[in-house]
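Accompanying notes for the structure given below.
All values below come from the heavy atoms of this structure, side chains included, with hydrogens, waters and symmetry mates left out. All values reported here derive from a predicted model rather than from experimental measurement. Numbers here are sequence positions counted from 1.
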Amino acid sequence: MKNPIQVLILPFIIVNDKILFVIFKRSDSDVWQFISGGNEDKETLLETAKRECFEEASIGVNCKYYKLDSFATIPASIFPMKYRINWGLDCFVVKEYKFAVKLLEDSIIISKEHKEYRWVSYEEALNLLTYESNRSALAELNDRIRVNKLV
């Protein structure tokens, strides 16, 4: 059973002192976003982030993950009814927690959930991302990397 909790994960890589972020285009819409997914049963938030990264992009669970301060709520009404029924119809918002994951190489293999992925700069990501919560988390991550405060 899924809990009314969502994670958003921002994969990034640093190549020749240049920060690149990987964004994904959903298969079911024209939406560019980072990896996201729901929390299941007794998973910790970090376990959820690692599972979603592996399921959606074949990112190994041994990569370095970072919890971000960015946080959002999403209207429960945008999720399919199959999840909302499990959450209870009195659930009106889903909490979204943010993580970053540092990759050492481009080893992305996308699932059927996505039809395309791109490695992009900060500016390109800002222009392509559909959701404000993705852009906000991206800004935090980019700033943390620039001032060496990613812990």
Taking the six-membered ring of Tyr66 as reference, does the NZ or CZ atom of Lys64 fall below 6.0 Å from its centre and within a 45° cone about the axis? yes
Hey, what do you get for CD1 (Ile35) to CD (Glu52), rounding to the nearest 0.5 Å? 8.5 Å
Could you check Phe34 against Ile9 for side-chain contact (heavy atoms from CB on, under 4.5 Å), going step by step and ending with a plain yes or no? CA-CA 6 Å; Phe34 290 111; Ile9 310 99; over 6 Å; no
Given the rule that I, L, V, M, F, W and Y join up when any side-chain heavy atoms are under 4.5 Å apart, are Leu103 and Phe54 in one cluster? no
Would you confirm whether Thr48, through its side chain, and Glu43, through its main-chain N or O, come within 3.5 Å as a donor-acceptor pair? no
Roughly how far apart are Cys91 SG and Ile85 CD1, rounded to 0.5 Å? 12.5 Å
Between Lys82 and Asn86, what is the shortest heavy-atom contact and its length? O-ND2, 3.3 Å
Output the distance between atom CD1 (Ile23) and atom NE2 (His114), rounded to the nearest 0.5 Å. 11.5 Å
Heavy-atom check, side chain of Asn142 versus side chain of Phe21, under 4.5 Å: yes
Looking at Leu8 and Ala137, what are the two nearest heavy atoms and their distance? CD2-CB, 4.3 Å
SG of Cys63 to NZ of Lys102, rounded to nearest 0.5 Å, is 11.0 Å
Steps toward side-chain contact (heavy atoms from CB on, under 4.5 Å) verdict (Lys25, Asp30): CA-CA 7 Å; Lys25 190 170 195 176; Asp30 198 30; 2.6 Å; yes
If every non-hydrogen atom of Pro11 is compared with every non-hydrogen atom of Phe24, which pair is closest and at what distance? CG-CE1, 4.3 Å
side-chain contact (heavy atoms from CB on, under 4.5 Å) between Arg26 and Glu113, worked out: CA-CA 6 Å; Arg26 293 193 54 86; Glu113 191 169 333; 3.1 Å; yes
Can Glu47 and Lys50 be counted as an ion pair, charged N to O under 4.0 angstrom? no
Grouping I, L, V, M, F, W and Y whenever their side-chain heavy atoms are under 4.5 Å apart, do Val22 and Leu20 come out in a common cluster? yes
Crowding at NZ, Lys95 (>12 non-hydrogen neighbours, <6.0 Å): no
Is Leu150 linked to Leu10 within one hydrophobic cluster, defined over Ile, Leu, Val, Met, Phe, Trp and Tyr using a side-chain heavy-atom separation of less than 4.5 Å? yes
Leu104 atom CG, neighbour heavy-atom count above 12 within 6.0 Å: no
Are Val120 and Leu141 connected in a single hydrophobic cluster, I mean Ile/Leu/Val/Met/Phe/Trp/Tyr linked by side-chain heavy atoms less than 4.5 Å apart? yes
Describe, in one word, how the ring planes of Trp87 and Phe79 are oriented to each other, choosing from parallel (under 30°), tilted (30 to 60°) and perpendicular (over 60°). perpendicular
Please check if atom CG in Asn62 has more than 12 non-hydrogen atoms from other residues, nucleotides or ligands closer than 6.0 Å. no
Over all heavy atoms of both residues, which pair between Phe99 and Leu46 is shortest? Give the atoms and the distance, please. CZ-N, 3.9 Å
Do Tyr65 and Phe12 share a hydrophobic cluster, counting only Ile, Leu, Val, Met, Phe, Trp and Tyr and linking them when any side-chain heavy atoms are less than 4.5 Å apart? no
Show the nearest heavy-atom pair for residues Glu56 and Ser36, with the distance to one decimal. OE2-O, 2.5 Å
So, taking the atom named CG in Leu45 and the one named NZ in Lys98, what distance separates them when rounded to the nearest 0.5 Å? 12.5 Å
Roughly how far, to the nearest 0.5 Å, is the CZ atom of Arg84 from the OG atom of Ser77? 6.0 Å
Closest non-hydrogen atom pair, Ile108 against Ile110: CG2-CG2, 3.8 Å
